[in-house]
Amino acid sequence: MGILNVTPDSFSDGGKYLDREDAIAHALRMTSEGADIIDVGGESTRPGAERVDAPVEIERVVDVIAALAERGVTVSVDTMRAQVAAAAIEAGATIVNDVSGGLADPDMASVIASTGVKWILMHWRGHSADMQKLARYDDVVADVKAELEDRVEYALDSGVDAGQIVIDPGIGFAKTAEHNWALSAHLDQLTALGYPVLFAASRKSYLGRLLGELEGRDRPPSGRDTATAATSVLAFEAGAWGVRVHDIQSTYDVRAVWERTRAARN
Ligand code: PMM
């Protein structure tokens, strides 16, 4: 899954793809490099980010989604608002990537149930402005797993089909670096739940912190793609359904090596 943030303030690519033509060209480049899905987002969810109004979010994403869907690209919309999801589905999106796991908008479940699209339920505890205060767990892997199971149950109770559901541990959302490493290490416990799992660590700050240990300061987002590709291969090995990344080629390459190696094991 290739990331297309049509926002002025995302942590790694904010402001780069606000122009519609630039956004479309970047998305098509990602598909030519091997992305199966383009995830279009109009609201930044980085820690501390302020929210935007629904009409602004809709205006940012809808034309781009329509243009990509018209060209046969599978599009997901990164939103936690039912109104935005409905507009995006109308424009051709077939996946709703909801970082709130259905918690932010009580109307989201009915949009998903009535349209039949896929719903990515990410582990989430609160909006970006104050989420790091919520990073407290007894056992992060067990707690995230249990909270995701609750969200799945809620979705099923709301009339969503099990086949529509994808789950995601929400790397960096109400999580410290230690929490992220624990979830990465035990991702197989989430895949064991039987739902497709999305893993999204691309360029996140815990990677910058690790890579900066030698350099004396956090490595900036632009220098984190090799590390991101390493997280991708670990996620594939743990049985993940997909990874959400900025740089397609590095993940495409590790996936090719991983698949060929796996085939040679048999
Ligand atoms: N992270 C971000 C945005 N959307 N969606 C899912 N499903 N999982 C994530 O971890 C996730 C997401 C924040 O990163 P970005 O600013 O690079 O988009």
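In listed order, ligands and their atoms are each counted from 1.
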Provide the number and element of each atom of ligand 1 under 4.0 Å from a heavy atom of V99.
4 (N), 5 (N), 12 (C)
D168 heavy atoms, cut-off 4.0 Å: which ligand 1 atoms fall inside?
6 (C), 7 (N), 8 (N), 9 (C)
Within one Ile-Leu-Val-Met-Phe-Trp-Tyr cluster: Y252 and V73, side-chain cutoff 4.5 Å:
no
More than 12 heavy atoms of other residues, nucleotides or ligands under 6.0 Å from CD of Q249: is that the case?
no
R203 near ligand 1 by a heavy-atom separation under 4.0 Å
no
Please report whether ligand 1 has a polar contact with S202, defined as an N or O pair separated by less than 3.5 Å (distance criterion only).
no
SB check R244 D168 (cutoff 4.0 Å):
no
Checking heavy-atom distances from atom 17 (O) of ligand 1 to each of H246, E43, M122, the winner is H246
Are V166 and F236 connected into the same hydrophobic cluster when the rule is that any two of I, L, V, M, F, W, Y join if their side-chain heavy atoms are below 4.5 Å apart?
no
With a heavy-atom distance limit of 4.0 Å, tell me whether L198 approaches ligand 1 through its side chain, its backbone, both, or neither.
side chain
Answer yes when R151 and E147 have at least one side-chain N-carboxylate O distance shorter than 4.0 Å, and no when they do not.
no
One thing to verify: whether E237 and R265 come together as a salt bridge, which I'm taking to mean a side-chain N less than 4.0 angstrom from a carboxylate O.
yes
Number the atoms of ligand 1 from 1 as they appear, then name those within less than 4.0 Å of a heavy atom of A200, with their elements.
8 (N), 9 (C), 10 (O)
Answer yes or no for F173: is there a heavy-atom contact with ligand 1 below 4.0 Å?
yes
As a test of understanding, state which of K175, E149, H186 forms a side-chain contact (heavy atoms from CB on, under 4.5 Å) with V144.
K175
Relative to atom 1 (N) of ligand 1, which among H123, K204, M80 owns the nearest non-hydrogen atom?
K204
